[in-house]
Protein chains: 2
Amino acid sequence: MRVLVVEDDASLLRIVRDVFEGEGFATDGAETGDAGWYWAEQAVHDLIVLDLMLPGMNGLEIVRKLRAKSLDIPVILLTAKDAVEDLVAGLDAGADDYVTKPFAVSELLARTRAVLRRKGTIGQEGELTGGPVRLVPSVRAAFVGDAPLNLTVKEYELLECFLCNKDRIVTRDQIFDRVWGFDSSSGLTAVDVYVHHLRKKLASQGAGSALRTIRGVGYMFTGDSDVR
Amino acid sequence: MRVLVVEDDASLLRIVRDVFEGEGFATDGAETGDAGWYWAEQAVHDLIVLDLMLPGMNGLEIVRKLRAKSLDIPVILLTAKDAVEDLVAGLDAGADDYVTKPFAVSELLARTRAVLRRKGTIGQEGELTGGPVRLVPSVRAAFVGDAPLNLTVKEYELLECFLCNKDRIVTRDQIFDRVWGFDSSSGLTAVDVYVHHLRKKLASQGAGSALRTIRGVGYMFTGDSDVR
DNA sequence: CTTTCTGATAACATGGTTGTGATGATGAGA
DNA sequence: TCTCATCATCACAACCATGTTATCAGAAAG
């Protein structure tokens, strides 16, 4: 998975690239509109994160030219809070979503996932495992050992989220952003309930203890189930 | 572990805070020199990440005033590549290290760990240790030797506070400001009670004597068991 | 069209966590 | 030794986070 980041602030560019790389993306960066267009035109990226205010070619123009060439690479715009008209123009021109500066890393990633999911890019990685639990994304199937788990869509995504963050604490907000989408209208309690459902199904195959509650913080899926 | 980030670029500030929070730090942020100094002066942080170019009070000035008050909180400077003379002045004034913009997240974190290690705050893998007591911030876990301690959120934060100030006296007010927040509505006595809780759990693993009372002053966590 | 399944919420149960006030110990200084 | 301030300890009450169940609307399946 490869992302192009076009942003004239060198510090911000560097750090946004790092963030994506931390998520397992390969990244390219451009500090000017012209360099950005050069990269974009290659059509080798799965996502473009694009600042609107750029030296050289405008971000808006890049989107227009991309769509004119009928390259429908997903584009997420970065924009200042007060540049509403540019934003609207950008979305009209065919951008998929936007994030206003200053943005939280979690939001950028959430929108990224949302866009990629909408475009059908995501969800075809290799198998995910954690202890005896195994997930096969290509067929959306889950197993404990060899026994199949009959998971609903949400349960599956929840488990996927946990396996992606094996042995790491995940807060309920993170889970919610990731599984329900940060702009979802559902309540946070849904997370609890689905953790419960998931636990029950895991427990029925003897893997219930893998999903631990860290009270006051969140949940953690532990690969090898150990002490308390 | 609590870090103060002072940076006038709102986007960068937001994102740097996110990065630290991802590593298990609590963060505070300031966009101006004056706000930065206000926070810094509270002396509740374990690290300050400080942009040199700031509106209001200069970053350089903040370092100077900090050291003048003999607060030796570790400071990492953020600086443009070409501002060499400022940088030198900053280090002279008592900053511990610097990172030039644009910087990689990994570099910032590496230097953070290096600085904190040099100051004796953390151990090798970002762990906090004091004698047999060990804290793993990334998973919020605490151990005495290999035995896990089952700590509540407050107990954990309290222990973290002590380990950050190993072999140093911490007053109850400092503890309170740091763990409860200076604007908390709770009473100061809560500190005593939680020290007690913590002691009991430490004692159950034979590490009860590490947390000493300095009558009339505060408490002190001693790394290597007692001399007197 | 009916039945079944899924997603979501509300309501309630429960137990852990937090903070307070009372009381008992302990040390420091007079 | 006495007294006072400080700290330790305990028990309890209030609160909050989470677990659990029941229920309902809507989608999907039959």
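Chain naming here is simple, since letters A, B, ... match the order of the sequence lines and numbering starts at 1 in each. Note that the structure is predicted; figures quoted are calculated from it, not measured. Every heavy atom of this structure was used, including side-chain atoms; hydrogens, water molecules and symmetry mates were not.
B:Trp37 is not listed as a side-chain neighbour of B:Thr32, based on a closest heavy-atom distance of 4.5 Å or more.
Under the 4.0 Å criterion applied to side-chain N and carboxylate O atoms, A:Arg111 and A:Asp96 are not assigned as salt-bridge partners.
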From CA spacing to verdict: salt bridge (Lys or Arg N to Asp or Glu O under 4.0 Å), A:Asp192, A:Arg172: CA-CA 8 Å; A:Asp192 300 318; A:Arg172 295 142 56 109; 2.6 Å; yes
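More than 12 heavy atoms of other residues, nucleotides or ligands lie within 6.0 Å of CZ in B:Phe103, so this atom counts as buried by the packing criterion.
In this pair, B:Trp180 and B:Phe176 present their aromatic rings parallel. The plane angle is below 30°, not in the 30 to 60° band.
Rounding to whole angstrom units, CZ of residue B:Arg212 and P of D:dC7 are separated by 15 Å. Rounded to whole angstrom, the span from the CE atom of B:Met220 across to the P atom of D:dC7 amounts to 15 Å. Regarding A:Asp192, its CG atom lies at a distance of 13 Å from the P atom of C:dA10, rounded to whole Å. The nearest whole Å value for the distance from the CD1 atom in A:Ile175 to the P atom in C:dA8 is 15 Å.
Residue A:His196 has no polar side-chain atom (N or O) positioned under 4.0 Å from OP1 or OP2 of D:dG19. For A:Tyr219 and D:dG19, the shortest distance from a side-chain N or O to OP1 or OP2 is below 4.0 Å.
Here the CG atom belonging to B:Leu135 is positioned 8.5 Å from the CE atom belonging to B:Met1, to the nearest 0.5 angstrom.
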Sugar-phosphate or base contact per nucleotide [nucleotides 12-28 of chain C; S, B, -; heavy atom under 4.0 Å]: ---BSSBSB-----BB-
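Within the 4.0 angstrom heavy-atom criterion, no nucleotide atom of any strand lies near B:Val179.
When each of A:Arg172 and A:Lys200 is assigned the nucleotide of DNA chain D bearing its nearest heavy atom, the one mapping closer to the 5' terminus is A:Arg172.
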